[in-house]
J.: 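After the structure tokens below, expect a handful of questions from me.
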Amino acid sequence: MEGTNRRETMALMGAAMLAGTAEPAAAAATPVIEWNMHMFSSNTAKFPFHPNAVYKPDTEKLPLDPLPPYEAHLKEFGIDKAMFVQPEPYGDDHALVLDCLARTSPGKFKATSLFYPKNPESPKKLAALVKSQPRIVSTRFHAHRGKEMYLDSFAADYVRALWKQAVNSGLIIELHIGPNYATQAADAIRAFPGCRVLIDHMGEPKLGNPYEYANMLELAKLPNVYMKLSGIDYIATDGPDYESVRPFTRRLIREYGAERVVWSGGSPKVIDVHMKGYSAADIARVKGGNLQRLLNW
């Protein structure tokens with residue numbers, strides 16, 4: 001009996017040792033994924049800005065082809081996969097994003113879409129886009145102070161129609177919303193059980209007051225909502241690590257949990273700073289593992 005117990009104890013110790021070495025190995029094998037890059041080209045003849053664009057960037061500061069510099073950025077910071085993000089100046093004209101997808105590998109790049117919710121043709125346009133290019137895996141909604149032109153309310157029929165089409169197409173809902181829209185967004189999320197939602201730029205904390213931001217934290221109670229730890233430079237100036245806002249980011253991570261926070265923008269090393277004390281597995285989840293699962297990548 002004594003020998004048996006000893007063998008069992010040794011086996012358990014061995015399993016524990018293997019588990020201890022497996023976690024760092026699994027974390028190291030997890031890809032780093034970014035969901036942040038807006039693709040712009042100075043070639044406005046080929047890729048014109050939309051007539052309804054809410055702003056237009058200075059073309060003199062844009063590359064002719066945005067793909068090579070972005071791929072160089074990914075290589076520099078050790079980023080394995082990325083999402084091309086449809087920028088507002090192109091509206092619902094996805095020509096540039098589609099061009100970038102056509103010249104890259106499905107294993108490395110996917111993309112988001114953007115449509116005008118008030119346009120009754122937008123649901124059909126979205127369905128057609130996804131059918132023609134399955135690497136379009138998300139669509140974006142904008143609603144925050146300074147961007148009220150896209151929609152009046154998340155309860156509006158035209159918003160729900162576009163949201164429903166996105167869900168039917170299997171897309172992730174990307175919400176670039178301010179804290180004042182968090183309660184409306186929660187109602188829309190509950191109206192479509194099972195939809196997957198990603199909140200952009202930490203829910204733009206500077207575009208609301210503390211009472212409104214409390215509703216952004218309440219969204220963490222919905223299990224299908226993810227929070228993107230991006231736009232840290234919007235609220236802090238002490239880059240590249242932005243340690244001054246660690247109390248805020250750590251609270252955000254605690255509310256949503258390491259399994260529902262994703263990183264994007266700049267260097268993924270910022271997560272090592274803001275998640276100090278977390279396990280290697282949790283850090284790897286935020287750097288890319290959660291997006292890998294969310295995007296089935």
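Worth knowing before you read on, the calculation uses all heavy atoms, side chains too, and leaves out hydrogens, waters and symmetry mates.
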J.: Applying the side chain to side chain donor-acceptor pair (under 3.5 Å) test to Y70, which of H38, K75, E34 qualifies?
T.: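 The passing option is E34.
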J.: Centre-to-centre under 6.0 Å for Y90 and F47, is that the case here?
T.: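 Not close enough - the centres of the two rings lie 6.0 Å or further apart.
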J.: Is there a donor-acceptor pair closer than 3.5 Å between any side-chain N or O of Q86 and the backbone N or O of D93?
T.: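 Between the backbone of D93 and the side chain of Q86 there is a qualifying donor-acceptor contact (under 3.5 Å).
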J.: Would you please test D241 and K269 for side-chain contact (heavy atoms from CB on, under 4.5 Å) and show each step?
T.: CA-CA 8 Å; D241 295 334; K269 291 181 180 178; 5.8 Å; no
J.: Linking I/L/V/M/F/W/Y whenever their side-chain heavy atoms sit closer than 4.5 Å, directly or via other members, would M216 and L151 fall into one cluster?
T.: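 Yes, M216 and L151 fall within the same hydrophobic cluster.
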J.: Are V137 and V197 connected, step by step, through hydrophobic side chains (Ile, Leu, Val, Met, Phe, Trp, Tyr) whose heavy atoms are closer than 4.5 Å?
T.: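 Hydrophobic grouping puts V137 apart from V197.
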J.: I'd like to know if the side chain of N43 reaches the main chain of L64, judged simply by a donor and an acceptor atom lying under 3.5 Å from each other, with no hydrogens or angles considered.
T.: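 It does not hold such a pair.
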J.: Is a salt bridge present between K228 and E174, judged by a nitrogen-to-oxygen distance below 4.0 Å?
T.: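 Salt bridge: yes.
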J.: Are any side-chain N or O atoms of S230 and backbone N or O atoms of H201, one a donor and one an acceptor, separated by less than 3.5 Å?
T.: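 Yes, because the side chain of S230 sits within donor-acceptor range (under 3.5 Å) of the backbone of H201.
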J.: Start with the C-alpha gap between R285 and D282, add the side-chain angles, then the distance that decides, and say whether salt bridge (charged side-chain N to carboxylate O under 4.0 Å, His left out) holds.
T.: CA-CA 5 Å; R285 287 186 186 98; D282 280 343; 2.4 Å; yes
J.: Consider ring-ring contact (aromatic ring centres under 6.0 Å, His included). Of Y55, Y116, F115, which one does H50 pass it with?
T.: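 When ring-ring contact (aromatic ring centres under 6.0 Å, His included) is applied between H50 and each of Y55, Y116, F115, only Y116 qualifies.
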J.: Do N224 side-chain atoms and R196 backbone N/O form a donor-acceptor pair below 3.5 Å?
T.: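 Flag not set: sc N224 to bb R196 has no pair under 3.5 Å.
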J.: Assess the residue pair H274 and Y242 against the criterion (side-chain contact (heavy atoms from CB on, under 4.5 Å)); give the C-alpha distance rounded to whole Å, side-chain angles, the decisive distance to 0.1 Å, and a yes or no.
T.: CA-CA 9 Å; H274 289 256; Y242 307 105; 4.1 Å; yes
J.: Indicate the atoms forming the closest heavy-atom contact of S113 with L126, along with that distance.
T.: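 For S113 and L126, the tightest heavy-atom pair comes out as OG-CD1, 3.6 Å.
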J.: Run L219 and N215 through side-chain contact (heavy atoms from CB on, under 4.5 Å) and show every step you take.
T.: CA-CA 7 Å; L219 287 174; N215 294 322; over 6 Å; no
J.: So does G208 get a backbone contact from the side chain of N180, meaning a donor-acceptor N/O pair under 3.5 Å?
T.: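 No; judged by distance alone, with no hydrogens or angles, the pair does not exist.
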J.: So, applying side-chain contact (heavy atoms from CB on, under 4.5 Å) with L291, which one of W35, W297, Y226, W263 is it?
T.: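 With L291 as partner, side-chain contact (heavy atoms from CB on, under 4.5 Å) holds for just one option, W35.
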J.: Test H142 against every option in F154, Y150, Y181 by the ring-ring contact (aromatic ring centres under 6.0 Å, His included) rule and name the one that passes.
T.: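 With H142 as partner, F154, Y150, Y181 yield a single ring-ring contact (aromatic ring centres under 6.0 Å, His included), made by Y150.
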J.: Is it true that a side-chain atom of R260 and a backbone atom of A220 form a donor plus acceptor pair closer than 3.5 Å?
T.: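 Judged by distance alone, yes, a pair lies under 3.5 Å.
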J.: Taking all non-hydrogen atoms of both residues into account, name the closest pair between T30 and A284 and its distance.
T.: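 Minimum heavy-atom contact is CG2-O, 3.7 Å.
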J.: So, the side chain of S169 versus the backbone of L171: is there a donor-acceptor pair under 3.5 Å, distance only?
T.: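 Between the backbone of L171 and the side chain of S169 there is no qualifying donor-acceptor contact (under 3.5 Å).
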J.: For the side-chain contact (heavy atoms from CB on, under 4.5 Å) test, which of L67, L96, T112 pairs with F84?
T.: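 Checked L67, L96, T112 against F84; only one passes side-chain contact (heavy atoms from CB on, under 4.5 Å): L67.
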J.: With no hydrogens and no angle check, is any side-chain donor or acceptor of Q184 less than 3.5 Å from a backbone partner on A182?
T.: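 It does not hold such a pair.
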J.: Evaluate the salt bridge (charged side-chain N to carboxylate O under 4.0 Å, His left out) criterion for residues R145 and E212: first the C-alpha distance (whole Å), next the side-chain angles of each, then the deciding distance (0.1 Å), finally the verdict.
T.: CA-CA 12 Å; R145 288 187 171 97; E212 291 168 334; 2.7 Å; yes
J.: Quick one: does any side-chain atom of R135 pair with a main-chain N or O of F109 as donor and acceptor, under 3.5 Å?
T.: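 Yes, the answer is positive, given that a donor and an acceptor are paired below the 3.5 Å cut-off.
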J.: Centres of the Y213 and F248 rings: under 6.0 Å?
T.: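 Yes, ring centres under 6.0 Å apart.
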J.: Please evaluate residues V270 and L229 with respect to the criterion side-chain contact (heavy atoms from CB on, under 4.5 Å), reporting the C-alpha separation (whole Å), side-chain torsions for both, the decisive distance (0.1 Å), and the verdict.
T.: CA-CA 10 Å; V270 72; L229 206 66; over 6 Å; no
